[in-house]
Structures are given as structure tokens and as C-alpha cells.
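Quick notes on the structure that follows.
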Number of protein chains: 2
Amino acid sequence: MSLSQSIQPDDDVLVVRPGKWTLIIVTLLRAETLRFSEIKRHAGGISQKMLTTTLRDLERDGFVTRKIFATIPPRVDYELTQLGQELLELADSWRVFAARNRVQVEAARRQFDAAGGEPVIRFIRPA
Amino acid sequence: MSLSQSIQPDDDVLVVRPGKWTLIIVTLLRAETLRFSEIKRHAGGISQKMLTTTLRDLERDGFVTRKIFATIPPRVDYELTQLGQELLELADSWRVFAARNRVQVEAARRQFDAAGGEPVIRFIRPA
DNA sequence: CCGCATCCATTTTGATACTG
DNA sequence: CAGTATCAAAATGGATGCGG
């Protein structure tokens, strides 16, 4: 049955985190361990709260490790785990897909909006 | 530079975010054209409003076509476009990833919660 | 420097009722 | 049956101040 191959609502792992920051952060950590402040600087306008929350969720799910250095001032390093590397591949798939199809999607949007949101195909009289 | 390979906040095409309902619906349409009510029945608890909204967004972006039959009662068929098929492949990547790693992620969560949210690694006196 | 707590604005989602 | 409208509820995002 085809439905067995459909995603189900309770597939919690799928919704890694319904926010725009998760994949951004994962891709930032692709090559190197980064400090909290470094991620914040590169992530482009994320608030401290959202960064903390997102990183904590990623840690909780086993995608990143957190290393705390009890120095003054404090220092916290984040790094992808093996599982995190796999999530990174997924994020990359999305990134590549977006790059490849952005123009086409934007064209489709313009056409749809220009048509006033009317469907492309409309049958008037089929029994 | 590694940052050029990071996802940026303004990557609008990423607007098709791994959101809950979007990928569910796309995977439901993998093999066949489905009516509105059929999707609703199989999607598992989606509200009529969310289904309408999600489908309209998918149509606007060019991922599905909408065929309206002006019969009584009305009938509307949804089908993946070529671009939608590519999105389906992406959705499948997520589905497979979730299926493969669900157990591991759930274990990580339990461990994290059991430890009271403490990080796995903590250095007390470095430098 | 890191990040938690609190308060508040915005966004998203759901429940319900109604229309063609 | 498909879709809209309205209202209520929940999740999310940001700002600020405090603490280790």
C-alpha cells in the first residue's frame, strides 16, 4: 500500500525543529567546531535565545555535542556528531534543491499570483 | 569559505521548509492523483483549513496541479508536477532518515533528559 | 562569554460555523 | 465536497535584565 510509504504526523524525528534556524546552524558546523559566539555571528540575525534553544534541542537529539570550558570568560564549543553529519547531508540536499529550483519556483509564484490564484486547470462540465 | 555552503536565513525557496504537513502531503501524492477528501482522510488529523492552505502553497510554488470538476458535489484532484516529484525525493530522504534514526534519537533524548539536561562533556579547568 | 528567565509581539494552527 | 471566515489557542520569535 502506498500509504505505508507516506510520512506520518507522529514521525517526530522528521520535524527536527520546525524553525528556520536548525538547518542553518547545522550547515555552519559542517567543517569545524564553533563557539557559541561564532555561530551567532555567522548565522545572520539570530537572537541569543533562539540560538540557545536550537542548539540545546540539537544536543538533546544527539546531533551536536557541547563542550563547556569553565574558564573566565566561559567558552562553549559545538560540534556535529556522527548523526549530526547525516543530518547535514539532508540539509545539503535541501540547500542544493533550493539553489537548483529557486528560479522555477519564483516563476511559478509570479504566474499563480498574476492569475489571481486561479488553478491552472478547470473542468466545467464532466458529468 | 565554508560559509558559502551554509544555508542563509533569506533562502526563500527553503520556504518549503521541512514543515509537518507539506512533506506528508507530498508523500501521499507519490503514486496517484488524490481528491481533497482523500488526502484529508489519510493525512492523519489535519484540519480542513491547514490542508487547504498547504495545498494552495504547493500549487502556487508549482509542486502540485489542481483540477477542479464543476460537478455536484464538487470534486478537486491534486497531482504532483515534475517539480513536485523532485520534492518528493527530498521528502523521501527525510522519511528514510527518520526511519533509520528514530531509535537512536529517542535514546539520545532519554539520556539527555535523564541527565537533567547536562552536557555530555564538561571541562573544568583548561587554561 | 554563555545562557537562563521573563515579558511581550508575531505567527501558526485548530475548532467551528457557514457558503456554493 | 471543497473552500472560506472567524475566533481562540498554541507555538515561536525577539528584547531585556540577571547570574555563573
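Lettering follows sequence order; numbering is per chain, from 1.
With sequence neighbours excluded, no residue forms a side chain to side chain contact (heavy atoms under 4.5 Å, CB included) with B:Glu89. Partners of A:Asp77 by side chain to side chain donor-acceptor pair (under 3.5 Å), not counting sequence neighbours, listed by chain and number: A:Arg75. With sequence neighbours left out, the side chain to side chain contact (heavy atoms under 4.5 Å, CB included) criterion links B:Arg60 to A:Arg109, A:Phe112, A:Asp113. Residues forming a side chain to side chain donor-acceptor pair (under 3.5 Å) with A:Glu86 (at least two apart in sequence, or on another chain): B:Arg100. Residues passing the side chain to side chain contact (heavy atoms under 4.5 Å, CB included) test with B:Ser47, sequence neighbours excluded: B:Lys49, B:Met50. Every residue two or more places apart in sequence or in another chain that forms a salt bridge (Lys or Arg N to Asp or Glu O under 4.0 Å) with A:Arg56 is listed here: A:Glu59.
Among the heavy atoms of the strands lying under 4.0 Å from B:Arg56 are primed sugar atoms or P, OP1, OP2 only; no base atom is included.
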Quick one, give me the B/S/- string for nucleotides 15-20 of chain D, reading 5' to 3', where B means a protein heavy atom under 4.0 Å from the base and S means that only happens at the primed atoms, P, OP1 or OP2. B----B
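The phosphate of D:dA2 has neither OP1 nor OP2 within less than 4.0 Å of any side-chain N or O from B:Arg66. Side-chain N/O atoms of B:Tyr78 include one lying less than 4.0 angstrom from OP1 or OP2 on D:dG3. Under 4.0 angstrom from either OP1 or OP2 of C:dC2 there lies at least one side-chain N or O belonging to A:Arg35.
Both B:Val76 and A:Ile46 lie close to DNA chain D; mapped to their nearest nucleotides by heavy-atom distance, the more 5′-ward contact belongs to B:Val76.
Among D:dG3, C:dG14, C:dG3, the nucleotide with an atom closest to any side-chain atom of B:Trp21 is C:dG14.
End-to-end axis angle of the helix from C:dC1-D:dG20 to C:dG20-D:dC1, from C1' rotation axes over five pairs per end: 40° (rounded to 10 degrees).
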